[in-house]
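Let me begin by presenting the structure, written as structure tokens, before commenting on it.
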Amino acid sequence: MGEMVLAGYGMDKAVRSSVSFETPCGRLLRELEQIWTEIGEREEDKDRMFLELESECMRVYRRKVDSANAERSQLRQSLMAKEAELKVLVASIGEITPKFKVDEKQSLKEQLAKVTPLLEDLRSKKEERIKQFSLVQSQIEKIKAQISDHNNQHDNGPVNHSKDNHDLSTRRLSDLQAELRNLQKEKSDRLQKVFIYIDEVHCLCSVLGMDFAKTVKDVHPSLHGANSENSTNISDSTLEGLTQTILKLKAEKRARVSKLQEIVGKLHKLWNLMESTEQERRHFARVAAVLGSTEEEITSPSVLSLETIQETEEEVERLTKQKASRMKELVLKKRLELEDICSNAHMEPDMSTAPEKITALIDSGLVDPCELLSSIETQIAKAREESLTRKDIMEKVDRWLSACDEETWLEEYNQDSSRYSAGRGAHINLKRAEKARILVQKIPSMIDNLIAKTFAWEDERSVPFLYDGARLVAILEEQKLRRVQKEEDKRRHRDQKKLQSLLLKEKELIFGSKPSPKKTSSFRRTSSHHPNGNGAGFMTPAPRRVSAGSATPELLTPRSYSGRYNNYFKENRRLTAAPLNFSTVSKEDSMSSFASISGSEPDSPLT
């Protein structure tokens, strides 16, 4: 406007006056011109001063234009910089934002006002993302350092990851988080493995009586007294150290178990040999359990310590010294044990270790008592083994003897005249008598079965079956003969009673009255009862023992079996089933018996 006014003063004055005075600046120029007129300035001076005024206005406008251009350039540069930063942030953090477009219809300030909030938001997101990356990466580096056993470089502060700020995408953050989870899982597995190893080391040290704290500190100081997981070292070197320590402790345990089991084996033998009391064994009961246990089952504290092994060795040495002084007594006790076993099985013990011989040998010093003891123990083992083979036959012998006892009782019961009285216990005796009669009837079959069983035993082992030094078959055959003789005697007795009854009836017919008591009292009843009780029942005779100097066991065989004994190893040997022949009572013998009973002549008439 001023330029137009000033330019108007260089024209025709009429035209200038008609145009210039319509604006405030024109009005000021008019007022200035009036002042100059009143002052009396010349026209040339007026034109000069108007030109100066015009030049001054141009300079003011130019400065304003230059300032506006500079501001416009700054706004454009700022807008371009923000647009570029916006693109970098979007590419860095991988955020999907609305695409910013430059609208030429909008002013630069409007465009800046539009892009600035987007840029500030992305900047804040970038800072947050950097913090997330820094936290994840610092944890990754820390775990890696724990695994690789290089913690020192992480003790001074967090790790700087500014060089990686160009890629802050969520994909990279997810990859780092996955790596962190894998490392955390590996750390957890390693920590669990370390704790398992430490527990195993603790158990082994407890059993071996070793210092657990010193053992694990030798591997790594952090393994003992650690209060948190982070303070426990989980490096490869620590795991390898714990593995080697466990292997060494297991090898030491294996060696000590072997040594202690050997010592405890000797201790058990000495205990059994010395017949130690339970109170004496109680102190080593925990150690004694090692003998029948595997390495895994041995978990008692300090049971494999050097002190325990040394104490056990000292106990073995003490009992060994004590054994030497009591060896004679121990040998004799073992001999008594052998005799008891043989006695229970009705066998003859080996006379080579008889007590008098043992005493003489030990006193002479010619034989080591330990050898004698070992020999007797061998004989005891053989005697027990043989008693087991004889068990079946001995049980049958016991049942046979029990049946013989019942037979003896039954005969005594039958001779009791008051057995049918109504007294107390009479019904019990009646029941027992009935059972005894059934059992007595089985005795012959018992004897036959026992003889067959004995023959089978002898054939299998090619040795005679001895019962208290006598051959059992000979005893059984002898008892068969006695039973036959006994039955024959009973038959004779019954026949004599019948003859006596007939004689009494004949006397009554002849004399018309009964014979006097004096004559009948002269009757002597023939009985087969032996004074030793064999006639009253059945008792096993005293067996005839086989002496060391006897030529052959055939001397023990009864006449009815002597031929069979010579061939008792042959397969065709069998028990004879034919009954033995005994002479019956002849008529002359009967007449003699009647004569002795009645006092008459033998030729008395008989019906």
Side-chain angles (χ1 to χ4, degrees), residues 258 260-278 280-281 284 288 290-292 312 315-395 397-398 453-454 456-472 543 545-550 552-553 569:
S258 177
L260 188 59
Q261 284 180 342
E262 182 180 356
I263 296 173
V264 171
K266 296 178 181 178
L267 185 62
H268 267 288
K269 290 182 179 179
L270 289 170
W271 278 345
N272 297 331
L273 194 62
M274 305 291 290
E275 297 181 353
S276 300
T277 62
E278 187 65 28
E280 293 175 347
R281 304 186 185 192
F284 293 92
V290 174
L291 188 60
T312 309
E315 178 67 12
V316 170
E317 292 177 0
R318 185 186 69 83
L319 291 177
T320 302
K321 294 178 181 178
Q322 187 177 357
K323 182 188 75 171
S325 61
R326 294 183 54 190
M327 186 54 71
K328 182 176 179 180
E329 178 183 353
L330 293 173
V331 171
L332 292 175
K333 283 186 177 180
K334 286 293 180 181
R335 173 63 189 186
L336 290 177
E337 181 181 352
L338 175 62
E339 292 178 353
D340 289 340
I341 295 174
C342 293
S343 176
N344 293 333
H346 296 275
M347 299 185 301
E348 289 296 313
D350 191 349
M351 299 306 296
S352 64
T353 56
E356 58 275 7
K357 292 183 179 180
I358 291 175
T359 304
L361 289 173
I362 294 177
D363 292 342
S364 64
L366 298 175
V367 179
D368 185 6
C370 294
E371 295 181 0
L372 279 175
L373 189 63
S374 177
S375 176
I376 295 177
E377 288 178 347
T378 303
Q379 294 175 7
I380 290 174
K382 290 182 179 179
R384 286 175 176 168
E385 182 180 357
E386 186 176 353
S387 65
L388 289 177
T389 64
R390 296 163 57 95
K391 183 178 179 181
D392 189 22
I393 295 178
M394 293 306 299
E395 289 178 352
V397 170
D398 291 338
K453 193 78 173 178
T454 307
W457 188 95
E458 291 177 344
D459 289 340
E460 182 180 355
R461 293 164 181 79
S462 298
V463 292
F465 189 100
L466 302 181
Y467 185 91
D468 288 337
R471 187 166 178 246
L472 180 60
R545 300 182 178 272
V546 179
S547 62
S550 60
T552 173
F569 294 125

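What you see is a predicted model; the values in this text were computed from it and never measured. Each residue takes its place number in the sequence, starting with 1.
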**Study point:** Ring geometry between His346 and Tyr467 (parallel below 30°, tilted from 30 to 60°, perpendicular above 60°)
**Key:** parallel
Practice item. For residues Glu460 and Thr389, determine if any side-chain heavy atom of one lies less than 4.5 Å from a side-chain heavy atom of the other. Key: no
Practice item. Taking all heavy atoms of Phe465 and all of Thr454, pick out the closest pair and write down the distance. Key: CB-CG2, 3.5 Å
Revision key, fill the gap. d(Leu336 CG, Ile341 CD1) to nearest 0.5 Å is 11.5 Å
Exercise for review: Report the distance from atom CD of Glu395 to atom CD1 of Ile393, rounding to the nearest 0.5 Å.
Suggested key: 10.5 Å
Check your understanding: Are the side chain of Ser343 and the backbone of Asp340 linked by a donor-acceptor contact shorter than 3.5 Å?
Key -> no
Exercise for review: For atom CD of Glu356, decide whether the heavy atoms of other residues, nucleotides or ligands shown that lie under 6.0 angstrom number more than 12.
Suggested key: yes
Check your understanding: Is the side chain of Ser375 donor-acceptor paired with the backbone N or O of Glu371 at a distance under 3.5 Å, no angle test?
Key -> no
Review point. Roughly how far, to the nearest 0.5 Å, is the CZ atom of Phe284 from the NE2 atom of His268?
Key: 12.0 Å
Check your understanding: Do Arg335 and Thr353 meet the criterion of a side-chain donor-acceptor pair at a distance under 3.5 Å?
Key -> yes
Check your understanding: Where is the tightest heavy-atom contact between Ala345 and Arg390, given as atom of each residue plus distance?
Key -> O-NH2, 3.0 Å
Revision key, fill the gap. d(Ile380 CD1, Glu339 CD) to nearest 0.5 Å is 10.0 Å
Revision key, fill the gap. So CG of Leu372 and CD1 of Ile358: to nearest 0.5 Å the spacing works out to 6.0 Å
Check your understanding: With distance as the sole test, does Ser374 use its side chain to make a donor-acceptor pair with the main-chain N or O of Cys370 at under 3.5 Å?
Key -> no
Check your understanding: Charged N to carboxylate O under 4.0 angstrom, Arg318 versus Glu315?
Key -> yes
Check your understanding: Quick one: CD on Gln379 to CG on Leu338, what's the gap to the nearest 0.5 Å?
Key -> 5.5 Å
Check your understanding: Are any non-hydrogen side-chain atoms of Lys328 and Pro369 less than 4.5 angstrom apart?
Key -> no
Study note, to complete from the structure: Residues Cys342 and Pro349: closest non-hydrogen pair is SG-CA, 3.7 Å
Check your understanding: Under 4.5 Å between any side-chain heavy atoms of Glu280 and Trp271, yes or no?
Key -> no
Point to revise | Minimum side-chain heavy-atom gap Val331-Thr359 below 4.5 Å | key: no
Point to revise | Minimum heavy-atom distance between Leu373 and Lys334, given as atom pair plus value | key: CD1-CG, 3.3 Å
**Study point:** Glu337 and Lys333 ion-paired at < 4.0 Å
**Key:** no
